[in-house]
Amino acid sequence: MLDIKFVRENFSTVELALAARGAATDIAGLKNKDADRLALLQEIESLRFERNTVSDRIATLKKAGEDAADLMRDMRNVSAAIKEKDKTLAALDTAIQEMLLGLPNLPHPSVPVGNSAADNVEIRKVGTPPVSDGTPKAHWDLGEQLGILDFERAAKIAGARFPLYLGAGARLERALVNFMLDVHTTRHGYKEVLPPFMVNRTAMTATGQLPKFEADLFKLDGWDYYLIPTAEVPVTNIHQGEILDEAMLPIFYTAFTPCFRSEAGSYGKDTRGLIRQHQFNKVELVKFVAPENSYEELETLTANAEYILQQLNLAYRVVTLCAGDLGFSAAKTYDIEVWMPAQNQYREISSCSNFEDFQARRGNIRFRSKGKKGTRFVHTLNGSGLAVGRTVAAIMENCQLPDGSIRIPDALRPFMGGQETIEK
RNA sequence: GGAGAGAUGGCCGAGUCGGCUGAAGGCGCUCGCCUGCUAAGCGAGUAUGCGGGUAACACUGCAUCGAGGGUUCGAAUCCCUCUCUCUCCGCCA
């Protein structure tokens with residue numbers, strides 16, 4: 001959420017920044033409502049002042065045994081007026097709040113201009129894609145042949161876009177989860193957390209999924225529970241409504257969770273394989289930091305995610321999302337894209353973002369510095385470290401051998417009981 | 001699922017018959033004093049949000065005692081609804 005005060009004082013800056021994202025917004029309408037609200041608020045406050053003052057006098061008079069009937073009658077009218085105006089104020093408040101909740105974050109100045117993924121800027125390429133003599137097989141074909149993925153039976157159990165891992169496939173997924181969590185906790189200094197997989201509306205609103213993107217979420221019928229689309233939601237909300245001590249910052253969390261996405265509107269895209277599922281596993285990295293450091297922290301968070309790919313020996317590149325491709329809540333995002341041989345292209349496997357104070361304001365996550373008055377909003381960041389299903393897919397395609405078996409990356413073998421290949 | 005109890009500031013904990021209670025008292029914390037170590041003692045300060053005001057302070061208005069609504073000139077205190085927590089019973093991985 002944007003700071004209404006900032007919008008008020010930097011109207012044209014905000015308008016331009018939002019336009020850069022291609023967001024259609026009624027900033028002028030917001031500005032008018034805000035002005036109306038402030039005027040009305042001041043009116044109401046002076047009425048309240050009068051009532052408070054006179055009520056005190058009534059108390060004094062009554063104690064002295066004097067008559068206060070006139071004052072009481074006057075105040076009855078004042079109270080009625082306050083009540084009436086309060087209704088208008090509440091309506092304005094709601095309208096303004098709704099408008100603010102619907103506005104996306106402002107892109108950081110370093111974010112490239114552009115309208116779509118085509119305008120994203122590649123900033124580095126790491127590793128070399130494997131050279132194969134034949135045509136590399138897609139992971140879904142490999143998975144089927146090896147008997148470690150079974151999308152047909154998954155569809156029978158649930159429906160399209162659900163995975164069913166079997167045998168070494170299931171173990172590979174689990175090994176990756178353990179590997180990633182171990183690296184992030186022991187090498188990168190994150191604290192492991194295991195949060196709820198369902199969250200309420202307030203939590204979803206804090207991180208920005210709601211109110212705008214309800215259609216992307218699975219909701220439990222009859223409950224105020226949504227299945228999480230990413231661990232970002234429960235983990236960022238750990239400190240919702242809290243005032244942290246600056247000495248506690250930065251806070252790094254890593255969490256493994258399944259993620260649930262409706263993928264509404266993505267019909268026909270990635271219909272085969274593990275790339276786009278209603279349910280997938282992900283190890284997430286989340287940071288709460290002081291505003292001064294958040295962009296440095298974005299770099300290290302991204303590096304932390306990249307490290308996993310380096311250890312697995314998978315070729316990847318990092319791109320900076322352009323303003324038009326930025327997610328709703330993000331001020332700046334790096335996507336890490338892994339090389340997928342069968343598709344002959346890089347595919348997103350991690351998205352690392354700095355939200356600045358956008359989520360913190362929605363979730364009311366603040367911190368206090370010693371010696372300084374007042375509080376400030378923290379900056380929140382998160383990134384996948386990594387999407388596990390997509391990592392399995394990448395390993396299968398990049399580490400396939402001519403006979404259709406898969407060579408398990410060295411770093412993963414300790415987590416697979418020493419197993420070196422997955423064969424039929 | 002059934003029965004009961006509770007929700008106050010960073011924490012603990014008072015709030016009587018509604019009226020200087022933004023909130024006693026204690027702890028913690030900060031600053032100062034004192035004390036030749038540590039400890040103790042003394043004094044002052046110590047919530048958040050939104051406005052006004054200031055060069056910046058100062059100062060000042062309104063709101064907030066789980067949330068929302070009601071009664072009243074006036075509500076932490078009375079009434080209603082909801083949420084959450086705890087205890088007991090039942091059930092259960």
Side-chain angles (χ1 to χ4, degrees), chain A residues 1-10 30-101 194-206 220 222-226 234 237-249 251 258 288 357-378:
Chain A
M1 187 160 65
L2 302 182
D3 182 3
I4 185 67
K5 212 184 293 179
F6 183 83
V7 176
R8 197 184 293 153
E9 289 162 8
N10 303 275
L30 174 64
K31 199 188 180 189
N32 289 336
K33 279 208 162 49
D34 175 55
D36 290 350
R37 193 196 81 98
L38 268 186
L40 183 59
L41 184 66
Q42 282 169 16
E43 206 180 314
I44 290 174
E45 286 191 351
S46 62
L47 284 175
R48 284 211 174 106
F49 176 57
E50 185 186 357
R51 185 179 70 184
N52 289 347
T53 321
V54 176
S55 287
D56 275 355
R57 202 179 320 144
I58 291 172
T60 316
L61 286 174
K62 284 202 155 186
K63 250 180 209 164
E66 291 177 44
D67 177 56
D70 284 356
L71 289 177
M72 283 166 70
R73 196 195 52 236
D74 291 350
M75 285 311 101
R76 202 168 303 147
N77 293 332
V78 170
S79 272
I82 291 174
K83 203 175 210 173
E84 206 44 47
K85 289 177 193 296
D86 260 341
K87 275 183 197 155
T88 315
L89 181 68
L92 275 172
D93 277 341
T94 309
I96 290 168
Q97 191 67 7
E98 269 170 18
M99 291 173 110
L100 281 174
L101 285 175
L194 184 57
F197 300 162
M198 297 179 214
V199 300
N200 58 36
R201 186 174 185 87
T202 306
M204 282 291 186
T205 304
L220 266 70
W223 296 78
D224 180 28
Y225 290 147
Y226 295 82
N237 275 282
I238 287 176
H239 297 296
Q240 178 209 113
E242 294 184 17
I243 300 175
L244 305 166
D245 206 320
E246 188 173 26
M248 292 169 70
L249 301 178
I251 298 172
F288 300 80
D357 63 7
F358 188 83
Q359 294 181 325
R361 183 170 285 108
R362 290 174 160 241
N364 204 15
I365 309 168
R366 293 169 291 172
F367 73 100
R368 201 194 319 264
S369 313
K370 54 195 172 304
K372 280 191 195 153
K373 245 178 109 173
T375 59
R376 295 156 71 201
F377 289 110
V378 300

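Residue numbers start from 1 in every chain, and the chains themselves are labelled A, B, ... in the order their sequence lines are given, proteins ahead of strands.
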- side-chain N/O A:Lys85 vs B:C62 OP1/OP2, d < 4.0 Å: no
- Message: Below the 4.0 Å mark, does B:C62 have OP1 or OP2 next to a side-chain nitrogen or oxygen of A:Arg51?
- Response: no
- Message: Taking the C1' atom in each of B:A44 and B:U48, what is the distance between them to the nearest angstrom?
- Response: 23 Å
- Note on the structure: Re B:U54: Watson-Crick or G-U wobble partner, both distances kept under 3.5 Å, found to be none
- Query: For atom C1', what is the distance between B:U8 and B:G13, given to the nearest Å?
  - Reply: 9 Å
- Task: Classify the side chain of A:Gln42 and the base of B:G51 as holding, or not holding, a donor-acceptor pair under 3.5 Å.
- Result: no
- Whole Å only: how far is the CZ atom of A:Arg366 from the C1' atom of B:U48? 6 Å
- Which value, rounded to the nearest 0.5 Å, describes the distance between A:Ser79 atom OG and A:Met72 atom CE? 11.0 Å
- Message: Counting the atoms with a prime plus P, OP1 and OP2 as sugar-phosphate, which does A:Met72 contact under 4.0 Å by heavy atoms, base, sugar-phosphate, or nothing?
- Response: base
- Item | Which atom of A:Met99 lies closest to which atom of A:Leu30, heavy atoms considered | CE-N, 3.6 Å
- Could you please name the option among B:C62, B:G19, B:G51 that lies closest to any side-chain atom of A:Ala59? B:G19
- Message: Using 0.5 Å steps for rounding, measure from the OG1 atom of A:Thr202 to the CG atom of A:Asp224.
- Response: 6.5 Å
- Query: B:G41 pairs with which nucleotide, Watson-Crick or G-U wobble, both distances below 3.5 Å?
  - Reply: B:C33
- Query: Any side-chain N or O of A:Arg368 less than 4.0 Å from the OP1 or OP2 oxygen of B:U48?
  - Reply: yes
- Note on the structure: Of the listed B:C73, B:G70, B:C62, the closest approach to the A:Lys83 side chain comes from B:G70
- In Watson-Crick or G-U wobble terms, with both distances under 3.5 Å, the base opposite B:G49 is B:C62
- Pick the P atom in B:U81 and in B:A3, then give their distance to the nearest Å. 15 Å
- Take atom C1' in B:G90 and the same atom in B:C29, then report the distance between them in whole Å. 47 Å
- Any idea which heavy atoms bring A:Leu40 and A:Leu89 closest together, and the distance? CD2-N, 3.5 Å
- Query: Side-chain N or O of A:Lys5 less than 4.0 angstrom from OP1 or OP2 on B:G51?
  - Reply: yes
- Please state the P separation for the pair B:C79 and B:A7 - nearest whole angstrom. 14 Å
- Rounded to whole angstrom, note down the P distance from B:U46 over to B:G26. 15 Å
- Item | B:G74 phosphate, OP1 or OP2, under 4.0 Å from A:Ser79 side-chain N/O | yes
- Query: Do the side-chain N or O atoms of A:Arg76 get closer than 4.0 angstrom to the phosphate oxygens (OP1, OP2) of B:C73?
  - Reply: yes
- Message: Using Watson-Crick or G-U wobble geometry with both distances under 3.5 Å, which nucleotide pairs with B:A67?
- Response: B:U81
- Message: Heavy atoms from C-beta onward define the side chain here; which of B:C73, B:U71, B:A63 lies closest to that of A:Asn52?
- Response: B:A63
- Message: Taking the minimum atom-to-atom distance to the side chain of A:Arg48, which one of B:G61, B:G51, B:A63 wins?
- Response: B:A63
- Any side-chain donor paired with an acceptor under 3.5 Å for A:Thr205 and A:Arg362? no
- Message: What contact category does A:Arg57 fall into here, base, sugar-phosphate, or nothing, at under 4.0 angstrom with non-hydrogen atoms?
- Response: nothing
- Item | Distance, P atom - from B:G19 to B:C78, rounded to whole angstrom | 11 Å
- Query: Closer than 4.0 Å, any side-chain N/O of A:Arg8 to the OP1 or OP2 of B:G51?
  - Reply: yes
- For B:C92, give its Watson-Crick or G-U wobble partner with both distances under 3.5 Å, or none. none
- Message: Of the listed nucleotides (B:G49, B:G19, B:C62), which one gets closest to any side-chain atom of A:Thr375?
- Response: B:G49
- Query: Base, sugar-phosphate alone, or nothing: which one does A:Leu71 contact when heavy atoms must sit under 4.0 Å apart?
  - Reply: nothing
- Task: Please step through salt bridge (charged side-chain N to carboxylate O under 4.0 Å, His left out) for the pair A:Asp93 and A:Lys33, ending with a clear verdict.
- Result: CA-CA 9 Å; A:Asp93 277 341; A:Lys33 279 208 162 49; over 6 Å; no
- Is any side-chain nitrogen or oxygen of A:Ser46 closer than 4.0 Å to OP1 or OP2 of B:G52? no
- Message: As an exercise, state the distance from OG1 of A:Thr53 to CE of A:Met75, rounded to the nearest 0.5 Å.
- Response: 8.5 Å
- B:G18 versus B:C73 - spacing of their P atoms, nearest Å: 15 Å
- Message: Any strand counts, and the cut-off is 3.5 Å on both contacts for Watson-Crick or G-U wobble. Which nucleotide pairs with B:C20?
- Response: none
- Message: Taking pairing as Watson-Crick or G-U wobble with both contacts under 3.5 Å, can you name the mate of B:G25, or confirm there isn't one?
- Response: B:C12
